[in-house]
Amino acid sequence: MTTHLVPKGISLASRRGFLRGAAALGGAALATPFLSRRAFAEPTELTMLAWYGHAEPDVVAEFEAENNVRFVPKYYTGGDNMLALISQSPPGTFDVILSDAEYVQQLNAMGYIEPLDPADYAFDEFFPEFQQFPGHWVDGQLYSVITRFGFLGVAYNTDALTEAEASTYDVFWDERLKGKLGHFDWHLPNYGEMSLLAGNASPYDIDAAAWAAVQDRTMTLRPNVGGFFDYGGTFSSLESGEMLAFAGIGDWITGVLERNGAKVRSVIPEQGGLQWTESFSIGKGSAKADLAKAWIQYITSAKGQVKSATMAAYPAMVPNQKGWELLGQAAPEEARRQNMVLGQSNAMDLIRSGRIQYRQLPIQQSLEEWADAWSAYKGN
Amino acid sequence: MFHYNATNLPLQGAPGSLGRPAKGAAKKPPPRRRRVTLYGLTFSLPLLAWQLLFFLAPLAFLVALSFWTVRNFQMRPDFDLVNWATVYSNPVFWQTYLRTLVLAVGAAALTSLLAFPCAYAIAFKLSEGARRWATFLMVIPFFTSYLVRVYSWQIFLSDHGIINALLGRVGLGPVPMLNNTFGTMVGYLTLAFPLVVLLQLFSLVFVDRRLIEAAHNMGARRLRTILEVVVPSARVGLVIAALFCFILTFGDFVSPLYLGGGNPPTLSIMITDTTKAGQQWPRAAVIALTMIATLLAAAFGAVGYAYKGRAR
C-alpha cells in the first residue's frame, strides 16, 4: 500500500517549486528588518527627565520626526523627586533634564549638568528679564536655559468667588471656604504665598522671626483646609467643585481646566504672586549632548515656544518674544488667555511692576526646616 | 439552671466526639521525633527561600537604611541614630501614628460588624448553589483595580456627586462625604469588605450545625445562639478576618489620600512626604519599621487571642 505524503494533484516537481518559493519568501521576510534598517535608520533614543507632559507627542513629535529621535521620558513630581532620581542613576542616564529653576543651582553644585555655550541659544530673542536668569549662570558660565514660566496666586471657582474677592490671599480665611480650601501639597509655593501675605518683599529670604510669623499665620488657616492634593487630586477636586479655592497653584492647573470648560480661574492677588520657572539642561556625561543641545535650541526657538506655551499637560508662558509673536498668529485666543500679547498690558508688566517674585528655595532656613513645618501643619 | 456555651459542647471539627477527655483518662503518647527528610525539605524550601528573599532580606535592608544619613539629597551608608531620634522626638509623628492606629482599628471593627450579617446569611441562609454565586460575587471586586474603585467613589461622594444629588431631591444635604474621615472609611471598606466577608464565611461554613441545633433545643433564641455558639465557634476566622482588615487599612495609602484628601494624613502619607522632602528615605524607613513592628504585634496578639483556650 502506498502512502501518499504529497497531496494528490501536486507533483514532486511542483512541490520543489513550492518549497523554493516558500524559502525565498521566508528569507525575504527574515531579511526585511535588516533591509529596512539600512533604508530607514533606527531613531536615536534621547532620555529626558522632566515633569509630566514635556516628552508627549504634542510637544516632541515634530522634533522627533525632523531629527529621527525618539524621546524616552522619565517623569517626576517635584524638585526633590528629580534630585533623588538623578542621584540614584549613573552619570549619562539622562540626556536632557528639565528642572524648576530653583533647583538648577543644586544640579550644578552636585555636578549633574554640563556647562552650555550661550552662543548656541537664541537669548537675543528672549525678554531682557530672562537673558541672565538667576542661578542659571555661575561666574559667567551658563548651565541651563529657561524654557517656560507661570505665575502662582489664588485659584478659585468662579461660581463661588468673584475675581475681586479672590484678589487677596485673605480670601483663604473666608467662612464660605470652610473645608473647601485645597492645598497643592508642596511647602514652597504655599509658604511663599503666605510670606507674601505677611508683607515680605522677598518671600523666601526671611529671618527666623518672620518665618515663625508665617508659620503661625498659616496654622490659623488649617480649619478651612479641605485637603492636601497631588497633581491629579488638584485637578479632580477643582473640576468637581469639591474645592472652591486653592493655594499654591496658578494657571498651570486652572488653565487646563478652563480650556476644558471648568469654572475655575487664577488671579494674581494684590499682595503679589510667585513665578515658577522651568529650564532645560544637558545631563552630565550624556553621550548625545549634541542632540540634547539641538532639542534645547528647538524648544526655546519661536516654533518650539508655541508648542511649550500650548502644551496639553499644562500651559505656560514663554520667555522668547518671537515665540509670543508666533503664538499670537497660531493661537491668538490662548495668547490672550495667558496674557501674552505684545503691544498691550501683558504678563511681563506684572513682573516689571514687581508684583511677581521668583519661587526659590528658602535662603535663611534649610529646605528641611520648611518641609518639617509643612508636615506639622498637615498633621495638625 | 443550666449554662451552655460552645466550649461545653463537642469540639468543632470533631464530629462524633463526646467532648474533652477527662483529666488523666488517657496518657499522652510520647512525642515522636521529627525527622528531616529530603521529601519534606523539597516542599518547605521554596517557602523558606521566598521568605528569605522577599521578606527577611528587604527587612534587614530597611533596618540598615534607617541608620543611613542623607547629604545633598544623596544617601550614605552610615550608622547614625539621628533618624530614629528625629522621627521619635517629633510629636507630629506620634499624633499621626495614633490617628492611623485608631482609623485602622475602627475600620477593622466596622468592617467586621458590617460583614458578619452578610457572611452569616451566605453561610446559613442560602442554598449551596446560591452560596457559590454569592462567594463568586464577593471575589469579583478583586478583578478591578482598587485605585480605580476608589477614584470612582469620588463621583458618588463629592458635594455635587450622585448621593448628594439624591439627597438634594428630598431637601437634604449636601453632606460632606469626601476629603474627610468618612471618605477614608468608605475607601477602607471598599478595600477590605469583600475579603473580610470571605474569611468570615470560610469560618462560618465549618461551624458544626449540631451545636446550633443543640442550642436551639436548649431554648436559646437566635441572637443568643449567634453570640454564644456561632461567634465563639468561628472565633478564629472572625479574628483573622478583622486582623487582615487591620493590616490592609493600617498601611493603606490610596483611600486616605484620594477619599480622605490627606486631611489629616496617615502614616503611609507621612512616608511619602518624608521621601519627597529632601530624599529622606532613612527617616521613611524608621516610620515603615515602626509600622511593621505594630503590625507584627497586632498579628501575634490577634492570633494568640483567636487560639486562646482552643485544643490544637
Side-chain angles (χ1 to χ4, degrees), chain A residues 76-88 103 106-107 109-112 157 159-160 178-188 222-230 232-234 236-237 239-244 361 366-380, chain B residues 70-76 86-87 89-100 147 150-151 154-161 164 174 176-180 183-184 253-254 256-267 269-281 283 287:
Chain A
Y76 62 79
T77 48
D80 285 13
N81 185 212
M82 173 200 67
L83 287 172
L85 286 167
I86 298 177
S87 68
Q88 290 159 8
Y103 286 90
Q106 301 207 14
L107 285 174
M110 294 178 206
Y112 292 145
N157 184 307
D159 279 345
K178 201 166 180 63
K180 294 290 171 191
L181 172 70
H183 273 299
F184 183 63
D185 193 5
W186 189 19
H187 53 85
L188 274 188
R222 193 64 181 81
N224 266 19
V225 175
F228 298 84
F229 299 93
D230 62 3
T234 302
S236 60
S237 61
E239 190 174 28
S240 68
E242 196 61 28
M243 293 296 123
L244 299 178
L361 301 181
S366 67
L367 190 63
E368 186 182 337
E369 194 176 336
W370 278 46
D372 287 347
W374 185 246
S375 290
Y377 173 65
K378 285 174 70 177
N380 202 282
Chain B
V70 176
R71 273 189 204 149
N72 288 332
F73 295 87
Q74 285 177 314
M75 286 185 287
R76 291 154 194 259
T86 305
V87 171
S89 63
N90 183 359
V92 175
F93 166 74
W94 291 111
Q95 286 167 16
T96 311
Y97 178 84
L98 193 64
R99 181 185 306 123
T100 311
L147 185 63
V150 161
Y151 253 115
Q154 292 187 349
I155 300 163
F156 288 85
L157 299 179
S158 76
D159 282 2
H160 305 287
N164 270 315
M177 289 181 279
L178 201 56
N179 302 318
N180 51 30
T184 303
F253 172 76
V254 173
L257 188 69
Y258 293 110
L259 295 178
N263 184 32
T266 56
L267 282 178
I269 293 175
M270 197 177 198
I271 286 180
T272 58
D273 284 354
T274 309
T275 57
K276 278 195 287 183
Q279 175 79 333
Q280 281 293 351
W281 287 93
R283 286 188 201 168
I287 302 172

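Letters A, B, ... are given to chains in the order of the sequence lines, protein chains preceding strands, and every chain is numbered from 1.
Contact tally against chain B (heavy-atom pairs below 4.5 Å) for A:Gly226, A:Ala84, A:Ala376: the top residue is A:Gly226. Ranked by heavy-atom pairs shorter than 4.5 Å toward chain B, the options A:His187, A:Gln88, A:Met243, A:His183 are led by A:Gln88.
Smallest separation of non-hydrogen atoms from A:Glu242 and B:Asp159: OE1-N, 2.8 Å. Of all the heavy atoms in A:Gly379 and B:Arg99, the pair that sits closest is O-NH2, 2.8 Å.
A:Asp372 touches chain B through its side chain: at least one heavy atom from C-beta onward sits under 4.5 Å away, while N, CA, C and O do not. Heavy atoms closer than 4.5 Å to chain A are found in the side chain of B:Ile269, but not in its backbone. When heavy atoms are compared at a cutoff of 4.5 Å, B:Asp273 approaches chain A solely by way of its side chain, counted from C-beta outward. Of the atoms belonging to B:Met270, not a single heavy atom falls under 4.5 Å from chain A.
With sequence neighbours excluded, the residues that form a side chain to side chain donor-acceptor pair (under 3.5 Å) with A:Asp80 are A:Tyr103.
Considering only heavy atoms from C-beta on, A:Phe229 stays 4.5 Å or farther from B:Asn263 through its side chain. A:Asp230 is listed as a side-chain neighbour of B:Leu257, based on a closest heavy-atom distance under 4.5 Å. Under the 4.5 Å side-chain criterion, counting only non-hydrogen atoms from C-beta, A:Ser236 is in contact with B:Gln154.
A distance of 12.0 Å separates CD of A:Glu239 from NE2 of B:His160, quoted to the nearest 0.5 Å.
Other residues, nucleotides and ligands contribute only 12 or fewer heavy atoms inside 6.0 Å of the CH2 atom of B:Trp281. Atom OH of B:Tyr97 has more than 12 heavy atoms from other residues, nucleotides or ligands within 6.0 Å.
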